[in-house]
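Heads up: the structure comes next, in structure tokens.
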Amino acid sequence: MKKIIMALLAVVVVAVIGIAALVALVDPNQFKPMIAEQVKKATGRDLVIEGDISWRFFPSIGFDIGKTEFKNPQGFAEPNLAQFDQAELSVSVMPLFSQQLEIGNVSLLGGRVFIQTLENGVSNLDGLSGQETTESTAESAETPTEPSVSGPAPTAEQQAWQISLAGVEISNASALIIDDKAGSQTEVDRLDFTLDQFAPGEWTAAQFDIAGSAGELSFSAEGQTELLIAEKLDGAELKALSLKASAKDAVNDIRNANISLDSFKLGDWSTIEFAIEGEVPDLSFNTQGSTKLMVDEAIKLISLKDAKLNTDVKGASLPRPEMAIALEADATYQLEKGLAELPRLKAAVDELALNGNASFQSADIPVIRFDLSSDKIDLDAFLGSEEKSTDSQGSGDATSSKAGSAESAGSAGGKATDQEPDLSVLKTLDLAGKLAIEQFKAANAHMSNVKLALSIKNGVLDLSGLDANLYQGSMHATAKIDANGQLPTYRVKKQIKGVQIQPLLMDVAQNDTLAGSGDISVNVSGTGLAEKRMRENIAGTIDIRFADGAIYGVNVPEMIREARATLKGQKAEYVKEEKKTDFSAMTATIKLGKGVASTSNLDIDSPLLRINGNGSTSLVNETIDFAVNTSVVATSKGQGGKDIDEVADLTVPIDVKGNWSEPAFSLNLAQLLKQNNELEKKAQREVERGLEKLLGDKAKDDDIKKAADKLLKGLFN
């Protein structure tokens, strides 16, 4: 026993003497020139070690290095690519004999990295391999090597090393990345990182704290996690990750962003929860959400399951002061293809909700596809326009209709804007999809079973189909907008069948002027989408076919009675009747062009009347100039009563003038009197022929002529 103790003491003494001799005889600082020379050969850059290099022997062998700088070439904004104030590293010696690499605590104080890309694309990271290294590598590749005469290659078991690390500590590190070519700058003002004792196959804890800026955006983040590196160093896992971050610039303020992850391993599902609160211009938001995440082992597919996001937003720029946004989805993203697919998507903004699926293909021009549906969308209630419309109606529909229309005419007449909408987005998308809505309301118009199909590609928006049921009828429409020219062009085709006109006009324009069942065919095109250009340049036709209706605001039979009384020099007897004119059919073809809508074939038929007319209206000034001729059918039945029989052969000319908001209807007295004179002359000629047949030569007697004239005047006055 005594001999063993003496042997151990001898070993300790020898070790102490060896260390003392090493410290006394070997100054590690003498290696500085050699280290710098080898770095120069390997990288082509200068390494400057200003501080001392000192040995450390307890509890393991190692060394401390003082201030060290790794230089940049000339021409960059900072002299150093990398530098640090202090570094420490130690390795246990004895475990090395058992193929165990036990690294002590690695410490780096005051580290800084500077990376710059100049305007010409040159970076201070270029050429780090060094010219001499490249040449020597080429020479060695050309020089044949002698075959190895050493023993057999070591086995896998002999090569296996066990690695452990007591810990890593990085304090007060910083970094600056400048890209003069892109005009960007990112700076890390502070980075602190610690890693607890670490060994492959065992869990360890890590903490980090970082703060910096990117352009005008300042950011900070801190968090912690547990880390597992596989024993073969071919995989890693995380668990219990928590991250807290914030970011702010001149207009955006992300005050709190909290993210947590229960665990992460390739091929397994992870649960992520997050909460973000902040403000962007004219909008504040508070967001919470969660999802299940999986990245496949080949790192080619990212999958999300049961993703949920709920956001409350507030702001004056919103349709409502406060809004709630909800999103639920399953999604996958193929990294190699850049393809995101959402096989299940549910989105809601307050009461507006959509369900369906969608996809997104990343490319220079993104490819977007969707197929969405909704039970009910009420844009008026959502935008608050329904409440405004109700308030504007006041105490009477007729009064509000006139006031609202007058306001519209006043604002539009001669003041239409020529500012074209920005359609540049049509050139940046490849989009196609379908949308189905069971109940839809917009601009106070009600529709059902709405089905829409559209696409956007190469600057062209193509509405290939819009079908809907509305007001007991149906609608089918197509449209195309081409934004590739100096001014956009458009073409619209629409077929409306069996629509009840009066309730439609009441809902849309608070106007009950026209009633009936209507078929309308629209085929128009034009250049320019600014309101002024649309009024000036729209061209095409609108065919109207109405049945079993009425025109409100004018009573043609009453005007006929007035015409009859005028012809007799009398005043028409007042009869209290509703101001409307019934019709069994109304047809017209309206031609659009050069800022004018005109028709030459207006025809209205009823059991009592036959009305035809022609005229035009200015789409720019909103003025009206129509001439309408009304003829009476020879019957006492129907609207107007038996008094109408007395003017059965009379055509009553009516002028319609004024503007869209307040059209004025009036008799054309000049045409009426001219027509009366022609009838009187015709009747006189017929009377004279009758008298000649009846009386012969006596018909030329003056007394008989006077009696006939008196009779005719009684008929026409």
Side-chain angles (χ1 to χ4, degrees), residues 12 15 19 22 28 51-68 82-113 156-175 188 190-211 220-245 258-268 270-272 295 297:
V12 171
I19 293 173
L22 181 65
D52 291 335
I53 301 177
S54 58
W55 293 113
R56 184 152 47 87
F57 297 98
F58 185 83
S60 56
I61 189 170
F63 55 85
D64 297 339
I65 302 177
K67 187 174 182 180
T68 302
Q83 65 184 60
F84 57 82
D85 294 335
Q86 184 80 26
E88 297 179 3
L89 174 66
S90 61
V91 176
S92 297
V93 177
M94 295 302 295
L96 295 175
F97 297 101
S98 302
Q99 291 186 313
Q100 296 180 11
L101 178 60
E102 295 182 1
I103 303 173
N105 189 69
V106 177
S107 176
L108 183 68
L109 176 64
R112 179 173 176 80
V113 175
E157 293 182 356
Q158 292 174 328
Q159 291 178 334
W161 280 77
Q162 296 181 0
I163 303 174
S164 64
L165 178 65
V168 176
E169 181 178 2
I170 299 176
S171 300
N172 198 28
S174 63
V188 176
R190 183 192 73 253
L191 171 62
D192 296 327
F193 175 81
T194 59
L195 180 70
D196 292 349
Q197 185 170 354
F198 162 79
E202 298 181 9
W203 287 97
T204 186
Q207 299 84 30
F208 58 89
D209 187 356
I210 185 173
S220 64
E222 59 178 298
Q224 58 187 16
T225 187
E226 293 186 40
L227 174 68
L228 173 67
I229 300 294
E231 292 185 0
K232 295 183 179 180
L233 305 179
D234 57 355
E237 299 179 38
L238 293 175
K239 69 177 182 180
L241 170 66
S242 64
L243 171 66
K244 182 178 181 180
N258 295 284
I259 302 173
S260 65
L261 181 146
D262 62 344
S263 64
F264 177 81
K265 180 181 180 181
L266 293 178
D268 289 350
S270 305
T271 299
I272 299 176
V295 180
E297 294 183 355

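The model shown is predicted, which means the values in this text are computed figures rather than measured ones. Hydrogens, waters and symmetry mates are skipped; everything else that's a heavy atom, side chains included, is used.
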key: Atom of P200, atom of A230 and distance for their closest heavy-atom approach   = CB-O, 3.6 Å
key: 4.5 Å side-chain heavy-atom contact, V168 and F198   = no
key: Partner residues of Q86 under the side chain to side chain donor-acceptor pair (under 3.5 Å) criterion, sequence neighbours left out   = none
key: Shortest non-hydrogen separation from T204 to Q197 and the atoms involved   = OG1-O, 2.8 Å
remark   = L195 and A206 have their tightest heavy-atom pair at CD1-CB, 3.8 Å
query = Between atom CG of D85 and atom CG of L109, what is the distance when rounded to the nearest 0.5 Å?
reply = 5.5 Å
request  = Verify, without hydrogens or angle tests, whether T68 (side chain) and G66 (backbone) share a donor-acceptor contact under 3.5 angstrom.
outcome  = yes
request  = Please determine if K239 and D262 form a salt bridge, counting it only when a charged side-chain N lies under 4.0 Å from a carboxylate O.
outcome  = no
task = Answer whether the closest heavy-atom distance between the side chains of V188 and I210 falls below 4.5 Å.
result = yes
Heavy-atom closest pair, residues T225 and L238 = OG1-CD2, 3.8 Å
task = Give the intermediate values and the outcome of side-chain contact (heavy atoms from CB on, under 4.5 Å) for residues V295 and F264.
result = CA-CA 9 Å; V295 180; F264 177 81; 3.9 Å; yes
message = Rounded to the nearest 0.5 Å, what separates atom CZ in F84 from atom OG in S107?
response = 10.5 Å
message = Looking at every non-hydrogen atom in both residues, tell me the closest pair between E202 and L228 and how far apart they are.
response = N-CD1, 3.3 Å
task = Please confirm whether the backbone N or O of G110 pairs with a side-chain atom of N172, one donor and one acceptor, at under 3.5 Å?
result = no
query = Less than 4.5 Å apart, any side-chain heavy atom of W203 and any of E237?
reply = yes
note = Rounded to the nearest 0.5 angstrom, the CG-OG distance for L243 and S260 is 10.0 Å
request  = Could you walk me through whether V106 and E169 pass side-chain contact (heavy atoms from CB on, under 4.5 Å), step by step?
outcome  = CA-CA 6 Å; V106 177; E169 181 178 2; over 6 Å; no
request  = Work out which heavy atom in E226 is nearest to a heavy atom in A240; give both atom names and the distance.
outcome  = OE2-CB, 4.4 Å
remark   = d(I259 CD1, S242 OG) to nearest 0.5 Å is 10.5 Å
request  = Under the side chain to side chain donor-acceptor pair (under 3.5 Å) rule, collect the residues that match up with T194, sequence neighbours excluded.
outcome  = Q207
